[in-house]
2 protein chains.
Amino acid sequence: MEIIRRNTDYGIRALVFMAQKPIGEIFSLSDLAAQIEVPLDFLYKIFRKLAEEGLVTAHRGANGGFSLKKETEKITVKEVVEILQGPLAINQCFLSNKPCSYFSKCFLKKRWRKVQEEVEKILSGLTLEELAKGGKHFV
Amino acid sequence: MEIIRRNTDYGIRALVFMAQKPIGEIFSLSDLAAQIEVPLDFLYKIFRKLAEEGLVTAHRGANGGFSLKKETEKITVKEVVEILQGPLAINQCFLSNKPCSYFSKCFLKKRWRKVQEEVEKILSGLTLEELAKGGKHFV
DNA sequence: TAATACTGGACTATTTTAGTCCAGATTATT
DNA sequence: AATAATCTGGACTAAAATAGTCCAGTATTA
C-alpha cells in the first residue's frame with residue numbers, strides 16, 4: 001500500500017516543479033502535465049483543490065495557468081496529503097472521532113497515538129522547499 | 001486513509017492480547033474474537049497468514065487454537081503489516097520494482113526514499129512486546 | 001471572434017477492502 | 001464410535017476507494 005497516493009504524488013511533483021522556477025511564474029496545466037507526465041484532466045482536478053486551499057492561484061483565459069500562492073517553505077507534505085487525500089491516520093481509531101466499540105477497553109490506543117505522532121512529525125517536518133532544493137533532510 | 005488496515009489492526013490486537021498471557025498458552029479464535037471484538041471468520045483468515053509466516057502455531061481439534069510461536073519481542077509492527085497487508089511504501093515508486101515512465105527524470109525519488117526509510121524505522125523499531133508491555137517507546 | 005485556459009460536476013472501470021460462507025480435515029472428550 | 005470443537009482452504013461478495021475521463025460552461029487574451 002502506498003501512503004502517498006497518485007493524486008498527491010502528482011500534486012507534489014507539480015508544486016515542486018513550479019518551486020524550481022522564479023516565484024510568481026504562471027504554468028498552464030497543459031505544459032505542466034506534459035513536463036511531469038501526468039494526465040491533464042486529472043491534474044486539473046488536483047489543482048482545483050490546491051487552489052481552493054490557497055496553495056496556488058488560478059489565472060483563467062489565454063496565457064493563464066496557475067502560480068504558486070503560498071511559499072513552498074511553508075507548505076508541508078502533510079498539508080498537501082491532507083488536502084488531496086484527506087486525513088492520514090495510523091489506523092481507523094484515529095481517523096474518525098467516533099470511537100469504535102472496542103475503544104474503551106483498548107489499551108493500544110495510547111501507543112498507536114505515539115506512532116501516529118511520529119509519522120505526522122516526519123510529514124509535517126518536510127516542506128516542499130526542501131523537496132525542491134534539498135534541505136537539511138537530505139544531506 | 002489508514003496506514004494500518006483493519007486486518008492488521010485486528011491481527012496486532014490479537015497477538016498483543018496473547019502476549020499478555022503466559023507464553024505457550026493456546027487461544028481458540030472463538031474466545032479471542034470475542035475478547036478483542038472482531039469477526040470470527042475474518043480472524044481465521046488473518047491467523048492463517050500469521051501461521052504461514054511462523055508467528056503463531058495452529059493446534060487443531062477440540063481444545064485447539066493458536067499459540068504464539070515467535071517471541072513478541074522479535075515481532076515488529078512492520079513485519080505484521082507486511083504479512084497482512086503486503087509491502088508498505090511511501091508511494092507507487094517504491095512499491096514495485098518497475099520504475100514508472102517518469103522515473104529517470106524524477107529528482108524526487110532520492111528524497112522520497114529518505115522519507116520511506118524514516119517511516120520504516122518507526123514501524124520496524126516497534127515490537128509487539130513493547131506494544132503489550134509499554135517499553136521505551138511509551139515512557 | 002477565436003483560441004486558450006480554468007471550473008464544476010457527472011460519470012465510470014478497476015481494484016481494494018472487509019468481510020462471509022461452506023465443505024472438509026483434525027483432535028479431544030464421552 | 002460418535003460428537004463437538006477447532007483449524008484449513010478457497011470461493012464468493014457488497015461496498016468503498018482509486019484513478020481517472022468527459023463535457024458543457026466561463027473567463028481572458030490576442
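Each chain gets a letter, A, B and so on, in the order its sequence line appears, and its residues count up from 1.
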**OP:** At under 4.0 Å between heavy atoms, which parts of nucleotides 13-24 of chain D does protein reach? Answer with one letter per nucleotide, 5' to 3': B base, S sugar-phosphate only, - none.
**Re:** -----SSBBB--
Original post:
Reading nucleotides 23-30 of chain C 5' to 3', which nucleotides get B (base under 4.0 Å from a protein heavy atom), which S (sugar-phosphate only), which -?
Top reply: -BBBBSS-
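Contact of the A:D41 side chain with the A:K45 side chain is not registered, since no non-hydrogen atoms from C-beta on lie closer than 4.5 Å. B:F27 is not listed as a side-chain neighbour of B:Q35, based on a closest heavy-atom distance of 4.5 Å or more. Counting only heavy atoms from C-beta outward, the side chains of A:I3 and A:L88 approach each other to under 4.5 Å. At least one side-chain heavy atom of B:F17 sits under 4.5 Å from a side-chain heavy atom of B:L32.
Ion pairing between A:D9 and A:R5 fails under the 4.0 Å rule for side-chain N and carboxylate O. Look at B:K78 and B:E82 and you find a salt bridge, because one of the NZ, NE, NH1 or NH2 atoms lies within 4.0 Å of a carboxylate O, short of that distance.
Separating the CD1 atom of A:I46 from the C1' atom of C:dT7 is a distance of 16 Å, rounded to the nearest angstrom. Rounded to whole Å, the distance from CD1 on A:I26 to C1' on C:dA5 is 11 Å. Atom CZ of B:F27 is separated from atom P of D:dC7 by 12 Å (rounded to the nearest Å). Spacing between atom NZ of A:K49 and atom C1' of C:dT7 amounts to 15 Å, rounded to whole angstrom units. Distance, B:F47 CZ to D:dT6 C1': 14 Å, rounded to whole Å. With rounding to whole Å, A:D31 atom CG is found 7 Å from C:dA5 atom P.
Within the nucleic acid shown, B:Y44 comes within 4.0 Å of at least one base atom, counting heavy atoms only.
Of the options B:K74, B:K70, B:K49, a salt bridge (Lys or Arg N to Asp or Glu O under 4.0 Å) to B:E79 is made by B:K70 and by none of the others. For the side-chain hydrogen bond (donor to acceptor under 3.5 Å, both in side chains) with B:Q116, the qualifying choice from B:E118, B:E120, B:R113 is B:E120, the only one to do so.
By the criterion of side-chain heavy atoms lying less than 4.5 angstrom apart, applied directly or through intervening Ile, Leu, Val, Met, Phe, Trp or Tyr residues, A:I26 is not grouped with A:F66; the two fall into different hydrophobic clusters.
The phosphate of D:dA5 has neither OP1 nor OP2 within less than 4.0 Å of any side-chain N or O from B:S30.
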